Amino acid sequence: MLPQPLLVYVAWWLGNATMNPIAGCSAILPTYFPWLKFGLDVSLNVVFSVAFISVVYRHYCMFGSEAWKQLTEDGVRTMCLIILSNLICVFAVTFKFI
């Protein structure tokens with residue numbers, strides 16, 4: 001998470017803001033900004049996802065009960081949905097879908 005302030009630096013110093021009476025405030029960022037954000041977000045998602053899934057799997061192997069199995073299935077499903085939604089948002093920003 002240490003490189004995250006780099007996004008603020010790029011937006012603050014290398015970006016430009018303009019006011020438009022119709023659209024309001026608009027930010028003009030460098031063309032590489034979405035790719036920079038993509039690289040930082042995806043790397044964090046992968047690291048934290050691997051850590052979460054490895055801990056869940058290790059606990060499941062240690063305790064292995066039916067209750068723990070249900071808990072890990074629900075937790076893994078929820079975490080995978082969170083990761084998927086975050087990745088969809090990252091791709092939408094990177095490839096300018098909106």
Side-chain angles (χ1 to χ4, degrees):
M1 295 180 73
L2 291 175
Q4 291 295 329
L6 180 64
L7 295 173
V8 175
Y9 171 79
V10 170
W12 186 265
W13 292 106
L14 304 177
N16 217 358
T18 59
M19 289 295 292
N20 185 333
I22 297 171
C25 183
S26 298
I28 301 168
L29 299 170
T31 56
Y32 61 85
F33 186 80
W35 290 105
L36 179 65
K37 182 157 177 48
F38 176 79
L40 293 175
D41 287 349
V42 167
S43 62
L44 285 176
N45 279 328
V46 168
V47 168
F48 288 128
S49 299
V50 167
F52 173 78
I53 291 172
S54 68
V55 167
V56 167
Y57 181 73
R58 190 172 44 230
H59 280 256
Y60 175 68
C61 289
M62 283 177 20
F63 300 114
S65 69
E66 190 64 34
W68 184 256
K69 180 181 176 185
Q70 183 66 34
L71 180 65
T72 55
E73 286 174 0
D74 292 344
V76 168
R77 187 179 311 120
T78 302
M79 189 61 179
C80 287
L81 288 173
I82 290 170
I83 293 166
L84 180 65
S85 68
N86 197 348
L87 287 175
I88 289 170
C89 291
V90 166
F91 279 111
V93 168
T94 302
F95 295 109
K96 301 176 186 172
F97 289 144
I98 298 177

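Quantities reported herein were computed from a predicted structural model and do not represent experimental measurements. Both backbone and side-chain heavy atoms feed into the values below; hydrogens, waters and symmetry mates do not.
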Hey, quick one: are I88 and F95 part of the same hydrophobic cluster, counting side-chain heavy atoms closer than 4.5 Å, chains of contacts allowed?
no

Treating Ile, Leu, Val, Met, Phe, Trp and Tyr as nodes and any side-chain heavy-atom pair under 4.5 angstrom as an edge, say whether L40 and Y32 lie in one connected cluster.
yes

Spell out, yes or no, whether Y9 and L7 are grouped together once hydrophobic residues are joined by side-chain heavy atoms under 4.5 Å, including indirect joins.
yes

Joint hydrophobic cluster, V46 plus F38, side-chain heavy atoms closer than 4.5 Å
yes

Measure across P30 and V10 and return the closest heavy-atom pair with its distance rounded to 0.1 Å.
CG-CG1, 3.9 Å

Say whether V50 and I82 are linked into one hydrophobic cluster, either directly or through other cluster members, by side-chain heavy-atom distances under 4.5 angstrom.
no

Passes side-chain contact (heavy atoms from CB on, under 4.5 Å), L14 versus F33? Steps please.
CA-CA 10 Å; L14 304 177; F33 186 80; over 6 Å; no

